[in-house]
Peer 1: 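My questions will all concern the structure given below.
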Amino acid sequence: MKSTLLSLFALSVATSASAQLVVPFFRNPSVPHSFDRNHDQAPLMDPLGPGPAIPPSGSSPSTDPPVGSGGGGGSVVLSDVMGRDRSITLFAGFIRDIESASLRLEDASRNTTVLAPLNSAVEKLPRKPWEDPKEYDTFGSNAYEGGDGRERAQRNIRRFVEAHLVPVSPWKEGEKVKTVGGDSEVWWEEKDGRKLIQPGGIELVDVAGEVKNGEVWIIKGVLNYA
Ligand SMILES: *[C@@H]1O[C@H](CO)[C@@H](O)[C@H](O)[C@H]1NC(C)=O
């Protein structure tokens, strides 16, 4: 199911931060194989080293973006910066698992505001983003094993990811937009000096990157993706 392109892409953006954080999170008997991919990658830098994660040596120098440069970011696109912030490595990993989302973030001609939940928000979810209680009812505890199981997990992850991709950037205050998943409208407003994503009032923590095809917004919670 995974294409060469996707694998290369995963390699090119993987950082040790994601290898460190994503792998333990996925250590679960029901974890689909595809989500275990990072495990095969060698650590790329000292995990305790200070400062921002650096790209693996295999990536080309041209993908080295001026993070948070505040401008158009030259030729740098969202896919180049997604893996950089250690606080959102889980979400970055999910994006790598969904080819359509990865391709969108590589595409300089399609703008996106990525609403990337903090790792802590993903970890707090009552169920993993690839799990659907209805599927456990139907298929039992092996719901996410085998080929069909992987497909179900992939579909659920895709729904989760697409609920966090807003297909416009710049995104103006109050502008209601259907997410890439298409199921719900989202907008944001400023209240008491905080930017809140609505519905849900999920607080914007930081803008992790502003590049040619959009922005990465780090948010404190998870949008409704059911
Ligand atoms: C896409 O984003 C860039 C960078 O912010 C901006 O200059 C451009 O106008 C946007 N394009 C569209 C169609 O919104």
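For ligands, and for the atoms within them, numbers begin at 1 and follow the listed sequence.
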Peer 1: Is a side-chain donor-acceptor pair under 3.5 Å present for Arg96 with Ser102?
Peer 2: no

Peer 1: Quick one, Ile88 and Pro117 - any side-chain contact, counting heavy atoms below 4.5 Å?
Peer 2: no

Peer 1: Which atoms of ligand 1 sit under 4.0 Å from any heavy atom of Asn111?
Peer 2: 1 (C), 2 (O), 3 (C), 8 (C), 10 (C), 11 (N), 12 (C), 14 (O)

Peer 1: Heavy-atom pairs closer than 4.0 Å: do any link ligand 1 to the side chain of Lys212, the backbone, both, or neither?
Peer 2: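 Looking at Lys212 and ligand 1, just backbone atoms fall under 4.0 Å.
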
Peer 1: So Tyr225 and Leu125, side chain to side chain contact (heavy atoms under 4.5 Å, CB included) or not? Walk me through it.
Peer 2: CA-CA 12 Å; Tyr225 61 100; Leu125 288 172; 4.0 Å; yes

Peer 1: Could you tell me whether Asn213 and ligand 1 have an N or O pair separated by under 3.5 Å?
Peer 2: no

Peer 1: Is NZ or CZ of Arg152 both nearer than 6.0 Å to the six-membered ring centre of Phe139 and within 45° of the ring axis?
Peer 2: yes

